[in-house]
2 protein chains.
Amino acid sequence: MADVARLAGVSAQTVSRTLSGHPNVREHTRAKVLAAVEELGYRKNDAARMLSSGRSRTLGIVVFETMFYSRSAVTVGVEHAAHRAGYSVSAVTVSSLDSTAIQDAMTRLSEHNVEGIILALPLVQVNKGIEDLTRTIPTVCTDGSRTPSTHVVTVDQTMAARLATEHLLSLGHETVWHVSGPESWLEVGGRTKGWREALEEQGRFVPPALQGDWSPASGYQNGLIVGRIPDVTAVFVASDEMAFGVIRALHELGKRVPEDVSVVGVDDIPLAEYCSPSLTTVAQPFESIGERAVERLIAAIENPSSAAQTETIEPSLIVRSSTSAPA
Amino acid sequence: MADVARLAGVSAQTVSRTLSGHPNVREHTRAKVLAAVEELGYRKNDAARMLSSGRSRTLGIVVFETMFYSRSAVTVGVEHAAHRAGYSVSAVTVSSLDSTAIQDAMTRLSEHNVEGIILALPLVQVNKGIEDLTRTIPTVCTDGSRTPSTHVVTVDQTMAARLATEHLLSLGHETVWHVSGPESWLEVGGRTKGWREALEEQGRFVPPALQGDWSPASGYQNGLIVGRIPDVTAVFVASDEMAFGVIRALHELGKRVPEDVSVVGVDDIPLAEYCSPSLTTVAQPFESIGERAVERLIAAIENPSSAAQTETIEPSLIVRSSTSAPA
DNA sequence: CCGCCAGGGGCGCTGAGGATA
DNA sequence: GTATCCTCAGCGCCCCTGGCG
């Protein structure tokens with residue numbers, strides 16, 4: 001930067017102002033500086049800027065290490081929104097959901113001087129370290145879970161389950177079976193609740209819920225179970241990936257979808273539309289979640305005194321061909 | 001840090017040495033320092049460390065903004081390997097493959113003082129800016145494409161195509177049709193080449209290649225085409241996601257897979273095993289690619305004089321139930 | 001002489017205040 | 001007085017030199 005200043009015949013300070021869009025710089029000077037920057041191939045040094053200004057303009061995101069669509073989608077939304085707002089994002093993945101792993105990830109992020117953190121995973125257990133961190137650094141969680149000081153941007157999971165269940169009931173099914181995710185995930189509770197409520201409101205039998213772990217394989221295992229139970233005509237599966245597994249199992253058992261059994265998933269992954277049959281599912285607006293999370297986070301950074309808030313986004317049912325009236 | 005030093009009754013320098021695992025620190029002193037760190041909740045400041053030492057211990061990765069499985073998988077491998085080696089990674093996504101977008105992304109990374117860059121996308125076009133950057137900063141590309149100074153870690157795409165094609169021929173199919181990806185992607189060229197060679201070697205008819213854009217929708221469109229052509233009994237599709245679309249189209253046209261038409265994909269996404277029928281595919285070891293890319297990158301960082309090298313990883317055929325002998 | 005530690009200088013940048021027109 | 005620019009003093013840490021046992 002000193003070199004640039006020398007070449008442009010100005011002070012380092014003026015170069016700094018020019019580069020950060022500061023007002024009081026004459027057009028002529030600015031042009032000279034820019035020319036010098038160009039000629040010298042100068043690149044600003046974020047580390048120095050951060051050290052000096054105390055601001056990093058960086059957001060951190062903690063993602064659970066899975067190959068699932070939802071994680072990528074949220075991340076894409078986060079990066080877009082952050083970039084638009086002039087922030088960069090640094091991500092760390094955790095391979096476990098226990099509190100020490102998450103605390104560790106958050107600590108690493110805080111050492112990178114992030115100004116805020118997005119937790120793109122369920123806060124299954126919270127320890128003191130995490131609570132302290134969330135008090136120090138603005139944090140938003142994209143799952144229903146939270147500490148007292150985290151903001152939340154999430155999808156209304158209860159509604160998602162109601163949409164799916166009511167759709168199946170309205171088609172004429174007597175009741176709806178359910179393959180849920182791991183119960184430690186908070187969103188799973190919401191889905192199970194919505195499913196149960198929808199059934200109870202119409203006075204239907206509430207079957208025991210089966211449980212998977214989000215993997216297609218676990219969907220397959222559970223499909224092998226429900227497929228063997230007589231009278232099962234409708235299944236609400238808590239994720240599209242598991243729904244694929246369920247459908248596969250049903251096929252193997254000689255049941256056709258949707259003629260014999262209707263299946264509804266959750267997520268609306270890109271392949272949902274292109275499997276056979278195409279999957280009726282409840283779409284979660286992952287990218288919007290990421291974007292809203294960033295907006296809320298930046299608001300919290302700029303106004304640290306604001307109280308923790310919860311924002312809920314509504315999911316929407318997408319009817320395709322894995323559901324129909326029972327035979 | 002000064003506070004910690006005061007509390008521990010040592011100099012800041014000693015604290016620094018303790019924290020960075022420097023040898024010459026007495027066990028007793030180290031314990032005192034660690035206690036003080038704990039008590040004060042001190043966290044090291046990466047920005048200052050970076051500025052002072054000139055090393056950021058950060059790797060950059062440029063990923064193409066897609067929700068595709070490969071993107072997440074490579075990223076996971078990169079993060080793992082980087083973390084293991086004591087590096088952190090900062091990612092930026094680009095939504096276009098043109099050279100200015102990529103140059104821009106690399107510049108952003110260089111401003112973050114990354115010590116090396118992984119290009120997890122095809123270098124469709126290279127401009128001077130990118131070339132300069134790759135000369136300044138060690139770079140590895142996970143696609144076949146490259147500038148003179150980039151290292152390459154990639155899957156042998158020609159072999160992938162041969163594996164798929166030869167598998168189908170060995171099953172007794174007369175010839176194999178092909179749905180490729182966008183031809184600007186270098187790996188697409190390799191796949192098309194391998195497919196063609198495998199056919200020619202056995203003196204088979206080489207049908208015109210159809211072209212998709214990686215999306216399931218484009219697979220569907222192409223499936224609608226090949227499905228209408230008489231005598232088509234085998235199709236090699238350049239990605240699993242497109243293969244899903246192709247199969248869907250075939251179903252709609254009343255063709256059964258694999259009885260009427262055999263289909264092979266590439267990638268081995270998690271759902272490949274759980275669709276109906278499960279998909280025969282050529283697995284690409286994405287995580288290994290990410291890991292190897294990091295290892296190579298770190299080697300290049302530590303030994304900047306080393307010449308650019310290309311490392312090729314072999315793909316493997318996974319036979320499932322979307323392929324069989326022709327009727 | 002070696003093992004351990006303290007102090008000074010500086011990394012590249014920005015914020016505050018003063019100088020110049 | 002106002003617009004424009006400059007000088008100065010660090011931000012928190014690590015490298016180097018040197019002093020103490």
Side-chain angles (χ1 to χ4, degrees), chain A residues 1-37 40-58 86-88 107-115 136-137, chain B residues 1-37 40-58 86-88 107-115 136-137:
Chain A
M1 178 142 135
D3 301 334
V4 175
R6 205 173 307 117
L7 210 181
V10 299
S11 77
Q13 173 61 351
T14 304
V15 176
S16 168
R17 300 189 119 160
T18 306
L19 263 29
S20 39
H22 210 86
N24 297 346
V25 178
R26 216 179 314 163
E27 193 48 55
H28 175 63
T29 314
R30 141 183 258 86
K32 269 197 309 190
V33 170
L34 260 20
V37 165
L40 264 42
Y42 167 81
R43 310 211 175 293
K44 59 184 176 225
N45 181 328
D46 268 338
R49 164 192 307 253
M50 175 184 328
L51 184 57
S52 172
S53 69
R55 295 208 51 183
S56 66
R57 300 220 126 235
T58 299
Y87 282 77
S88 59
T107 302
R108 272 163 67 196
L109 250 16
S110 81
E111 285 168 357
H112 278 304
N113 302 71
V114 298
E115 296 185 29
T136 317
I137 305 177
Chain B
M1 178 142 134
D3 300 334
V4 175
R6 205 171 309 119
L7 210 179
V10 299
S11 77
Q13 174 57 8
T14 305
V15 177
S16 168
R17 303 189 117 157
T18 308
L19 263 28
S20 38
H22 210 85
N24 297 349
V25 177
R26 215 179 317 166
E27 192 47 55
H28 175 63
T29 314
R30 142 183 257 86
K32 268 197 310 189
V33 170
L34 259 22
V37 165
L40 265 43
Y42 168 80
R43 312 214 173 292
K44 58 181 183 247
N45 182 327
D46 268 336
R49 177 210 249 34
M50 174 184 326
L51 183 58
S52 170
S53 70
R55 294 209 51 182
S56 65
R57 299 220 128 238
T58 299
Y87 282 77
S88 59
T107 302
R108 273 162 66 193
L109 250 18
S110 81
E111 287 168 357
H112 277 305
N113 301 71
V114 298
E115 296 185 31
T136 319
I137 306 177

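Order of the sequence lines fixes the chain letters, A, B, ..., with proteins taken first and strands second; residue numbering starts at 1 for each chain. The shown structure was predicted, so the numbers you read here are calculated from the model rather than taken from an experiment. Excluded from the calculations below are hydrogen atoms, water molecules and symmetry mates; all remaining heavy atoms, backbone and side chain alike, are included.
As a whole-Å value, the separation of A:Asn24 CG from C:dG17 C1' is 14 Å. A:Glu111 places its CD atom 11 Å from the P atom of D:dC13, with the value rounded to the nearest Å. Distance CZ (B:Arg55) to P (C:dG10): 23 Å, rounded to an integer number of Å. The distance between atom CG of A:Asn45 and atom C1' of C:dT14, rounded to the nearest whole Å, is 13 Å. Here D:dC6 presents its P atom at 11 Å from CE of A:Met1, a figure rounded to the nearest Å.
Contact detail for B:Val37 and B:Val4: the closest heavy-atom pair is CG2-CG1, 3.8 Å. What you find for A:Ser110 and A:Ile137 is that their closest heavy atoms are CB-CD1, 3.6 Å. Between B:Met50 and B:His112, the closest heavy-atom pair is SD-O, 4.2 Å.
Of the two residues contacting DNA chain C, namely B:Thr14 and A:Leu19, the nearest-nucleotide position lying further toward the 5' end is that of B:Thr14. Of the two residues contacting DNA chain D, namely A:Gln13 and B:Val15, the nearest-nucleotide position lying further toward the 5' end is that of A:Gln13. Projected onto DNA chain C by closest heavy-atom contact, B:Ser52 and B:Arg17 fall at different nucleotides, the more 5' of which corresponds to B:Arg17.
Distance from the side chain of A:Val25 is smallest to D:dC5 among C:dA16, C:dA6, D:dC5. For A:Leu51, the listed nucleotide lying nearest its side chain is D:dC11; candidates were D:dC11, D:dC13, C:dC5.
The side chain of B:Arg49 contributes an N or O atom lying less than 4.0 Å from OP1 or OP2 of D:dC14. Between A:Ser16 and C:dT14, a side-chain N or O to OP1/OP2 separation shorter than 4.0 Å is present. Distances shorter than 4.0 Å separate some side-chain N or O of A:Ser11 from OP1 or OP2 on D:dC6.
Each of A:Asn24, A:Val10, A:Thr18 was compared with A:Thr29 under the side-chain contact (heavy atoms from CB on, under 4.5 Å) criterion, and only A:Val10 meets it.
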